[in-house]
Amino acid sequence: MGNTLTIASAEFRRIFVSPLAWAVLAVLQIIAGYVFAVTLYQISANPTALNDFLGVSDYVGANIFGFMTVLYLLVMPLMTMRAFSEERKSGSITLLFSAPVSLSQIVLGKFMGLFGFMLVMLLLVALMPLSLMFSTDLDLGRIAAGLFGLLLMLMAFGAAGLFVSTLTKEPTIAAIGGFGLLLLVWLVNVMAYQEGAYAEVFKQISLLSHYENLRRGVFNTSDVTYYLLFCALFLWGSVQRLDMERN
Amino acid sequence: MDGEILIEARHLSRRYGPTLAVSDVSLTLRKGEILGLLGPNGAGKSTTMKMLCGCLSPSQGEVLINGQSMQAKPEAAKRSLGYLPEQPPLYPEFNVDEYLGYCAGLHGISRAERAAAVTRAKQACGLTHMAKRNIANLSKGYQQRVGLAQAIIHRPPVIVLDEPTVGLDPIQIQEIRALIKALGREHSVILSSHILPEIQAVCSRVAIIDKGRIVFAEAMDVIQRESFGSIVLGLRRPPDLAALSALPEIIGVEALGEQHFRLRCAREADPREAIVAEAARDDWGLIELRPEVRTLEEIFIEKTSGDVLAEAA
């Protein structure tokens, strides 16, 4: 555990000393801020849209969080591409391979470092709906569920991205590969709306459909389990891939 | 010198697809020894070192580091190991202190002792005044030193260095050699190099690898001992060959021209004094008497150019 935390904190530091992390945070914040402002403008232009069943929390939360999932899908591969590809390219991966740490500690450490970055991203997004607390009553439970869903989604993106990063030496290939993989699992959702015997299966596989409940504030164990299994699968895959590399 | 065995490699082989990069290499290294691994480019030096350090699994064979099997208990084995690969494994975005602190943590040095370990490693490698510099901005020589500091920070019993003096200036090379020698007293060190004088200056044993096999392994003091197999003799008024072969301890005579001869001596014998006395008594006119000591370079060329000679013949 100590080793995992050592790797995680170093990874977290490495993410934040690179300009990429700051650029990603800045761009996300500008776009999220724009969406937030537009949402508020819509409410003020048409206040009757809100009623007893649809409050500010739903409206604002749903808009921003829904939008963020797409943005995260675009930027997470950029954050994960360096994890193993770049280290392999520069040879620094040898440091981890020759140190007394196991492969699962390496993968888990990298993932936890990334997890720290995810928390920072979420915090910045959470500030926007939370800023409304001063002027209106928010349903904090719903916002929390939405944020929790976003975090689970980010974790899934991160795990899949790390896995793709273990496959190649080129960070750019890791980025495009990770993006392709995520988009594919995302778009499986489309098949869920087609008539067919497997519609339900596709719905269960898709990254998107499991987020819908959480966004509406419904905390469903099966959705949470889905994301955790998704992470576990790809982290396990990463460990297997690194092990193969030595043979 | 019967120190405990710190590295033991048994019959290591490694295939890359159809290519056999390393074939049946066995090595033993005791505490206090420095082994120099020599070989032409592509001979399998780096592959052997990667296998010793657990970065590559051997196709066959076994590695024991400090009595722990690299295959069965990799973490226990790696705890006793410091490794500087060909390309130093650095994080360019960290400064020297941050990087070494991280390495210390990876090798299980507790938080309280990390600062002391970093200071010690920096002093050993002459990095103290670079502590706050970003690794990306350091020169190649200093990056190499950081790599070396990383390998010794946890004071491992076994240190494996792949071409540690590449890219250093002559003064740095001297310093690093002195450091390796000092390390060699307390630890076991394996280093690879193409620079023969470096191996000669630093190592207590030499192994030459060619085409994945160990073709020569000997202790350095045996190679450098004043023992020689032949003497070149120059005489102004040489006697006939029979008189020369009648000299004590001489087992063969070969004429190298009118006045020069190569005398092959019996093993472990030194007939020089007897030859001088004989030459003076019989007035041969001695003008040259030179033992032919084999240098490491000659051994290296002899052992690694087998194919070239075979083709020429």
Side-chain angles (χ1 to χ4, degrees), chain A residues 1-23 79 81-110 112-113 116-117 166 169 171 239-247, chain B residues 14-16 46 49-59 65 68 70-71 73-95 98-99 101-111 114 134-136 146-147 150-151 153-154 156 158-160 162:
Chain A
M1 194 62 201
N3 289 330
T4 312
L5 286 179
T6 306
I7 297 174
S9 71
E11 195 60 24
F12 185 70
R13 281 195 58 92
R14 285 186 67 216
I15 290 174
F16 274 100
V17 290
S18 87
L20 178 67
W22 297 99
M79 297 310 301
M81 70 177 182
R82 302 170 65 222
F84 288 101
S85 303
E86 199 181 72
E87 284 222 36
R88 194 178 291 147
K89 205 173 183 184
S90 75
S92 57
I93 193 93
T94 319
L95 181 69
L96 294 171
F97 281 170
S98 66
V101 293
S102 66
L103 291 176
S104 23
Q105 284 172 334
I106 295 175
V107 170
L108 215 56
K110 293 248 174 206
M112 282 170 63
F117 180 74
T166 60
K169 215 174 176 176
V239 173
Q240 295 308 310
R241 176 64 184 82
L242 290 178
D243 191 43
M244 268 168 61
E245 195 168 316
R246 291 198 293 197
N247 291 308
Chain B
R14 171 72 201 188
R15 286 178 181 284
Y16 291 113
S46 291
M49 292 185 143
K50 280 182 197 163
M51 286 194 283
L52 291 178
C53 297
C55 293
L56 204 61
S57 305
S59 311
I65 303 286
Q68 305 278 2
M70 186 58 87
Q71 279 72 39
K73 290 182 183 169
E75 280 151 65
K78 285 173 184 174
R79 202 152 290 157
S80 316
L81 189 76
Y83 176 41
L84 169 64
E86 241 172 327
Q87 209 176 3
L90 306 175
Y91 290 126
E93 58 270 44
F94 278 1
N95 71 32
E98 286 170 336
Y99 173 73
Y102 173 47
C103 297
L106 270 185
H107 284 284
I109 297 178
S110 71
R111 207 167 276 277
R114 256 176 235 175
N134 263 15
I135 291 177
V146 177
Q150 163 273 127
I153 192 161
H154 49 298
V158 176
I159 301 171
V160 178
D162 202 345

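Chain A is the first sequence line, chain B the second, and so forth, proteins listed ahead of strands; every chain is numbered from 1.
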Side chain from CB out, backbone as N, CA, C, O: work out which of these in [X] comes under 4.5 Å of a heavy atom of chain A, or both, or neither.
{"X": "B:Pro74", "answer": "neither"}
{"X": "B:Tyr16", "answer": "neither"}
{"X": "B:Tyr102", "answer": "both"}
{"X": "B:Arg14", "answer": "side chain"}
{"X": "B:Leu56", "answer": "both"}

request  = Heavy atoms only, distances under 4.5 angstrom: which of A:Ile93, A:Val17, A:Val101, A:Leu5 has the most pairs with chain B? Name it, please.
outcome  = A:Val101
key: Options A:Ser102, A:Pro100, A:Gly91, ranked by heavy-atom pairs under 4.5 Å with chain B, top entry   =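 Ranked by contacts with chain B, first place is A:Pro100.
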remark   = With chain A, the option among B:Gln150, B:Lys50, B:Glu98 that has the most non-hydrogen atom pairs under 4.5 Å is B:Glu98
message = Can you classify the ring geometry of B:Tyr91 versus B:Tyr99 as parallel (below 30°), tilted (30 to 60°) or perpendicular (above 60°)?
response =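 Geometry flag for B:Tyr99 against B:Tyr91: perpendicular rings.
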ask   = Is any NZ, NE, NH1 or NH2 atom of the basic residue among A:Lys89 and A:Glu86 found under 4.0 Å from an Asp or Glu carboxylate oxygen of the other?
value =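 Judged by the 4.0 Å cut-off on N to carboxylate O distance, A:Lys89 and A:Glu86 do not form a salt bridge.
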Nearest 0.5 Å please: distance from the [atom1] atom of [X] over to the [atom2] atom of [Y].
{"X": "B:Lys73", "Y": "B:Arg79", "atom1": "NZ", "atom2": "CZ", "answer": "11.0 Å"}
{"X": "B:Ser46", "Y": "B:Met51", "atom1": "OG", "atom2": "CE", "answer": "11.0 Å"}
{"X": "A:Ser98", "Y": "B:Leu81", "atom1": "OG", "atom2": "CG", "answer": "6.5 Å"}

query = Under the 3.5 angstrom rule, does the side chain of A:Arg88 hit a backbone N or O of A:Thr166 as a donor-acceptor pair?
reply =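 Yes: the side chain of A:Arg88 pairs with the backbone of A:Thr166.
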